[in-house]
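All chains are named by letter (A, B, ...) in the order of the sequence lines, taking the proteins before the strands, and each is independently numbered beginning at 1. Everything numeric in this text was worked out from a predicted model, so none of it was measured.
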Amino acid sequence: MAEKYDHKKIEQKWREVWEKTGINNTDLVSKDPKFYNLIMFPYPSGEYLHIGHAYSDMGADVYGRHKQLNGFNVFMPIGYDAFGLPAENFAIKAGVNPKDSTASNIEHAEKQLKSWGCLFDWSHKMTTSEPSYYKWTQWLFLKLYEKGLAYQKEAPVNWCLKCMTVLANEQVIDGLCERCDAEVIQKNMKQWFFKITDYADRLIKDLDKVDWPESSKIKQKNWIGRSEGVEFKLKVKNSKFRPEDDQPLAEKVDEDLSIEVFTTRIDTVYGMTYVVLAPEHPLVGKITTPDQKKEVEKYLIQSQKLTDIERQSLEKEKTGVFTGSYAINPFNGEKVPVWIADYVLYGYGTGAVMAVPAHDERDFEFAKKYKLPTREAVAPYTKFETKPDLETEVRDLAIAVVHNPQDNTYLCLEWKTTKWRAFPSGGTDGEDTITAAKREVLEETGYKNIKFVKEFRNTIFEEFYRPHKNSNVIAHSIYLLFELENDERQEVSEKEKAQHEAIWVKEKEVEKFLNIKHLKLFWESFQAGEEILFTGSGKLVNSGEFSGLFSEEAKEKMADWLEKKKVGKTKINYRLHDWSIGRQRYWGDPIPIVYCEKCGVQPVPEKDLPVKLPEKIKDFRPKGTGKGPLASVPEFVNTTCPKCGGKAERETDTMDTFVDSSFYYLRYPNVGNDKEMMAPEITKKWLPVDMYVGGAEHVTMHLLYARFITKVLHDAKLIKFDEPFIKLRHQGMILGPDGKKMSKSKGNIIIPDEVVREHGADVFRTYILFMGRFEDGGPWNPKGLVGVKRFLEKVWKMYKYFEGLDSRLRGNDKRGGNDKAVGWAKVSNAEVQAKMARAIKKVGEDIEEFKFNTAIAALMKLMNEMSGGERDFSARRSAKSVGMTNRGVSKEDYEKLLIILSPFAPFMAEELWERLGNKDSIHVQGWPEYDEKLIQEETVTIAIQVNGKVRDQVVATVETNQDEALELAKTSGKIQKYLDGKEIKKVIYVKGKLLSLVVS
RNA sequence: GCCGCGGUGGCGGAACUGGUAUACGCGCAGCACUUAAAAUGCUGUGGUCGUAAGACCUUGCGGGUUCGAUUCCCGCCCGCGGCACCA
């Protein structure tokens, strides 16, 4: 029988059989060890499910199937995230009700999903836009409301001009709406928020508990953006104050007015030369002096006009205006001007900052533009190699940087013994630095005529060992630039000569060999004579009682100081904002709140849930009035107060879709339960999720929200765990055949439906996972797919040998009579057994690590080993017709191959399994066992290296020891050639791997 | 700018904990089968030089550590993703 592999027929057949037998419907109460294998549920927004969905689901499915073969009761549920802006926007465009378009989109998605051969349990399907689901979304809202975690506040929110709704920060990309790319502006509105910031610390800390990609953990940490610092108050001199006034400070201080600032660099506070308020800061009006009023108002109007995109654009030059007032630095009592500038954000910290231009890039830039002074407070400190036993002296050091303008080189000393290089330098010992430097140059190098150019004004500390003095020094280094006037030199003393040599070094080399980190940093500024900016940590200077401390220590002491003086305290700030969840749109869960004239804000009682979204609504399009379309449905809006029974109105905002998806994984095992959101027993058994697979783009949104909600429910004692997803893996992106991101305009889209139709799901699955690393994705190559197809067809063809195996042994060589050597033996030969064992191990381990590409490579290799190899002429006739020879493979071997292939090609494996005469499904078999002993190769090839290069290979056993290996090596003619007349100085032996000989 | 990931044959990509770089697949070449083509199978395939044996070179670039580096360290270049005036 030469039946061709017909994927359409086979896949259709098994889809029906599996659906009928319900093989993938998980029995949630059965006792097997459970495995909750979850994919991010699809969002049926109108486009077909794209190749990315297929990639993710297929990878997760292979993993799940492997778990199933290893005895786990695998639950792989499926559902639809159906509410929200994209679905609604799609409906508006199509001119239909979102309910209808969503239904038809789901219908198509379902067909696609079912064609992929995944373990989806359709009996637990759910859709977030159905009342049976969103009842629990509303229930969740009430829980948060109860705990004070859902609240309303007037706040500047992101407002999409096109979608005409509020967006969460996470949904604003580069100042544009994530979904429609329209401009997003800031608007002040009363909004519903979830207090995710209360959980910020735990959301960071608990990342340690989960097995997630490290990069995703880092992304979440950065997104939350915790920063430790201090908040402190600066008193403001009242508005009548003039800088020209020279009154005692105390008299001028307005005790009631103070500016609170937040900083993470309190160690630089002595470098503060001005203070900046954000334009929206409430103090702006109070402290602006009459003569600055005009200017300030002009500036405020001007900055309001800017959109967020413009304001945040880095190219934009910083602008600001002086208020006329001054603030007092509590540390030194100094008065510094207060400015207004829009580079300070009102939404972060206190909306005001202390400006330290010497140590902050933004302040530096601003100060430069407005000619504000700069003051150094922290000096760089570098520790080079020192000798621990020696004493360390502290001294001022004059360092001479002598430039030769003739050839643009610099004068350096190279120590003879250590090759240590440095500029000529010497202690000043109270002497004038220029004189000291000149003297050192003369003594050490002999150059007589050098001209002083300038001194580098920043302090630099360096700690190092001086070979010429055999001592350690902490140097307060003063760099001086000289120019060489002429070559005139005097004789250098013998003592100096013996130690080092004067050399001229090219400009580029200077930075390189001196390896003086901080000088390098400043080299350009130094040459240009510019002021420098140092943003690192170091040793404090010009900082009163704190001078001499290192930054870290100073931060603590200064915070203590502030606390003692009661003007400040340590404070932790987050970039993360509370989650704005209200949407002025139709297609979402109504927020279960009513407003009563008498009782105020009232939550809808649990028993009245769900608050149904009215289905018959004339116009569901957004109005842009700040209120959602539900506001124009009186039957919805008008209700009675749950408390007093009086007249009341419903909240007309709907919830952000991310609320729906923040708990869906909890709901899956509870589908059908309309009494409670989570039944304790089943929830305890199935959660948390064991493996979660989905795109990395959800790290800062969905995954963060889901973790937050899980923690809230944990704290409410509704669940025992506080992390929802134990393991997380991301799929990479599948690119078009041209290596570019797939897009309609580029015309490089691969449609999953077409791949299934043309090649079948098995080829699709196997190819897409073979392409490259799962987390990397890569370009889709139709030619590469051919290779995978060939491989599967080979597996298919092999079946012919086993057809009717029970009645007659295949391949019995009728002519030669030597069935063992050439035929399909009943008992497979040892070689095949060993290769099989290795493949079983490798494929299993690789799937476990999501290394599907190498697992498939191992399967291909096994197939080649089982079918290819030496030419078998006795079987030639069959080799011709079926395209392969053989190596003595038994039916059992073939079955094992099918089992380990089945996660990748579930349809074909099932079909062949059945054809071999098996009654039950291949997918409920056990992962084949193998004998560990067979894994070990008994003979190994040992590489022989001579002086690091492989020169020959010898065959040995795993047991071969170093001496034996050496003997073997010596017998090799190739090796002898290299050993001839030489002495073996060193032998390194890695058992079973290589022998490395060092000869000379 | 900051954070993260990556750079390996003609191409997609392998490589344990520092131990024979290029597994597996594509492509290409030769052979077999065929009247022929396709399909299939077998063999070969990093580069340069060489008739050959072989030699030398090779994991983005430049240094370093090591008997030995794709792997570790230092300094760069390029690509991708995220954040972006967060004080």
Inset, instruction - Check every atom of rU40(B), rU20(B), rC24(B) against the side chain of N864(A) and return the nucleotide holding the closest atom. - result: rC24(B)
Inset, instruction - Scan residues 767-774 of chain A against RNA chain B and write down, sorted by residue number, each residue with any heavy atom closer than 4.0 Å; if none is found, say none. - result: F770(A), M771(A), R773(A)
Legend entry - Under the ring pair (Phe, Tyr, Trp, His ring centres under 6.0 Å) test, residues paired with W796(A) that sit two or more places apart: Y5(A)
Legend entry - Closest nucleotide among rA14(B), rG19(B), rA87(B) to the D360(A) side chain: rA87(B)
Inset, instruction - Could you note down all residue pairs passing salt bridge (Lys or Arg N to Asp or Glu O under 4.0 Å) where residues 843-856 of chain A supplies at least one of them, sequence neighbours left out? - result: K67(A)-E848(A), K841(A)-E845(A), K842(A)-D846(A), E849(A)-K851(A)
Inset, instruction - Check side-chain contact (heavy atoms from CB on, under 4.5 Å) between Q945(A) and all other residues, then give those that pass, not counting sequence neighbours. - result: V950(A), L994(A), S996(A)
Inset, instruction - Between rU20(B), rC85(B), rG25(B), spot the one nearest the side chain of D342(A), thanks. - result: rC85(B)
For nucleotides 3-5 of chain B, print each protein N/O atom paired with a nucleotide N/O atom at under 3.5 Å, atom names and distance only.
| residue | atom | partner | partner atom | Å |
| --- | --- | --- | --- | --- |
| rC3(B) | O2' | N222(A) | ND2 | 3.3 |

Legend entry - Sequence-distant partners of D267(A), side-chain hydrogen bond (donor to acceptor under 3.5 Å, both in side chains), two or more places apart: R265(A), S551(A)
Legend entry - Pairwise salt bridge (Lys or Arg N to Asp or Glu O under 4.0 Å) hits with a residue in residues 772-789 of chain A, at least two apart: R773(A)-D776(A)
Legend entry - Rounded distance in Å between the P positions of rU71(B) and rU58(B): 13 Å
Legend entry - Residue list, side-chain contact (heavy atoms from CB on, under 4.5 Å) with D201(A), at least two apart or on another chain: R226(A), Y574(A)
Legend entry - Salt bridge flag under 4.0 Å for residues K368(A) and E365(A): no
What pairs of nitrogen or oxygen atoms, one from the protein and one from nucleotides 66-70 of chain B, lie under 3.5 Å apart?
| residue | atom | partner | partner atom | Å |
| --- | --- | --- | --- | --- |
| rC67(B) | OP1 | K986(A) | NZ | 3.2 |
| rC67(B) | O2 | S996(A) | OG | 2.7 |

Legend entry - For F366(A), all residues meeting ring pair (Phe, Tyr, Trp, His ring centres under 6.0 Å), sequence neighbours excluded: Y274(A), W339(A), Y343(A), Y370(A)
Inset, instruction - Check the surroundings of atom CD in E361(A): do more than 12 heavy atoms from other residues, nucleotides or ligands lie under 6.0 Å from it? - result: no
Inset, instruction - Whenever both distances are under 3.5 Å in a Watson-Crick or G-U wobble pair, mark it; put RNA chain B into dot-bracket that way, with [ ] for crossing pairs and | when the partner is on another strand. - result: (((((((..(((......[....)))((((((.......))))))((((....))))..(((((..]....))))))))))))....
Inset, instruction - Using a heavy-atom cut-off of under 4.0 Å over every strand shown, decide if S227(A) touches base, sugar-phosphate, or nothing. - result: sugar-phosphate
Legend entry - Residue list, side-chain contact (heavy atoms from CB on, under 4.5 Å) with V954(A), at least two apart or on another chain: I942(A), I944(A), L968(A)
